[in-house]
Amino acid sequence: MSAKWMMILVGGLSCMMSACGPDCQSTCNRLYLDPGAGGCGIERPGTTIDDRLTRCMEECEYAMDRPGDAGSYNPNEQIPRSETVELENDEMAALWMDCIEETACENLEQNYCAPIW
């Protein structure tokens, strides 16, 4: 087997074993990094990009460490900015990460896939 095919096989196996979907880091990067770096460049008044990335990672990882049910949480619905949404468990975080990955940046700015800090 050639080295090229071996790399593809190993990459595919590691992908299957690690679930290969979005994770906290890729999701937070998509939200806050500049569009030139593959992100949406979402800004919030009074915060730096480091503030936003840190909070995003902390909130996401906290939720991922807690098993639970998403209940009525549906990140695909637009939520008024006046409402606070918190990621409480791993199922909510997984739905949220998928929503961020699949939603256009302009819709994220309109408060789809809440929470966005």
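Quantities reported herein were computed from a predicted structural model and do not represent experimental measurements.
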(request) Any chance you could measure Asp65, atom CG, to Asp90, atom CG, to the nearest 0.5 Å? (result) 9.0 Å

(request) Would you please test Glu86 and Glu59 for side chain to side chain contact (heavy atoms under 4.5 Å, CB included) and show each step? (result) CA-CA 8 Å; Glu86 292 185 30; Glu59 298 277 347; 5.6 Å; no

(request) Quick one: do Ser26 and Asp23 satisfy side-chain hydrogen bond (donor to acceptor under 3.5 Å, both in side chains)? Show the steps, please. (result) CA-CA 5 Å; Ser26 66; Asp23 58 23; 3.0 Å; yes

(request) Identify, with sequence neighbours excluded, every residue that meets salt bridge (Lys or Arg N to Asp or Glu O under 4.0 Å) alongside Arg66. (result) none

(message) Nearest 0.5 angstrom please: Leu95 CG to Ile100 CD1, how far?
(response) 11.5 Å

(message) Within this structure, what is the CD1-CG distance for the pair Ile116 and Leu31, rounded to the nearest 0.5 Å?
(response) 5.0 Å

(message) Checking Asn29 against Leu53 for the side chain to side chain contact (heavy atoms under 4.5 Å, CB included) test, could you report, in this order, the C-alpha distance in whole Å, the side-chain angles of both residues, the deciding distance, and whether it holds?
(response) CA-CA 7 Å; Asn29 286 343; Leu53 286 170; 3.8 Å; yes

(request) Give a yes or no on whether Glu43 atom CD has more than 12 heavy-atom contacts from other residues, nucleotides or ligands under 6.0 Å away. (result) no

(request) Verify, without hydrogens or angle tests, whether Gln78 (side chain) and Gln110 (backbone) share a donor-acceptor contact under 3.5 angstrom. (result) yes

(message) If I take atom CE from residue Met97 and atom OG1 from residue Thr27, how far apart are they, to the nearest 0.5 angstrom?
(response) 5.5 Å

(message) Donor-acceptor pair, distance only, cut-off 3.5 Å: does the side chain of Glu91 make one with the backbone of Asp69?
(response) no

(request) Of all the heavy-atom pairs spanning Ala93 and Cys60, show the shortest one and how long it is. (result) CB-O, 4.5 Å

(request) Kindly compute the distance separating CG (Asn107) from SG (Cys113), expressed to the nearest 0.5 Å. (result) 8.0 Å

(request) State plainly whether one hydrophobic cluster holds both Met92 and Leu108, where clusters connect Ile, Leu, Val, Met, Phe, Trp and Tyr through side-chain heavy atoms under 4.5 angstrom apart. (result) yes

(message) Taking the side chain as everything from C-beta on, heavy atoms only, tell me whether Asp51 gets closer than 4.5 Å to Arg44.
(response) no

(request) Give the minimum heavy-atom separation between Cys99 and Pro75, together with the two atoms involved. (result) SG-O, 3.5 Å

(request) Side-chain contact test, heavy atoms from C-beta onward, threshold under 4.5 Å: evaluate it for Pro22 versus Asp98 and give yes or no. (result) yes

(message) Between Cys56 and Cys28, is the disulfide bond (SG atoms under 2.5 Å apart) condition met? List the steps.
(response) CA-CA 6 Å; Cys56 182; Cys28 294; 2.0 Å; yes

(request) Treating Ile, Leu, Val, Met, Phe, Trp and Tyr as nodes and any side-chain heavy-atom pair under 4.5 angstrom as an edge, say whether Tyr112 and Trp96 lie in one connected cluster. (result) no

(request) Would you check, one step at a time, whether the test side chain to side chain contact (heavy atoms under 4.5 Å, CB included) holds for Trp117 with Thr54? (result) CA-CA 10 Å; Trp117 305 273; Thr54 298; over 6 Å; no

(message) Would you say that more than 12 heavy atoms from the other residues, nucleotides or ligands in this model lie under 6.0 Å from the CD of Gln25, or not?
(response) no

(request) Output every pair passing ring-ring contact (aromatic ring centres under 6.0 Å, His included) with a member in residues 46-84, not counting sequence neighbours, ordered by first then second residue. (result) none

(message) Using side-chain heavy atoms (C-beta onward) and a distance below 4.5 Å, is Leu87 in contact with Pro115?
(response) yes

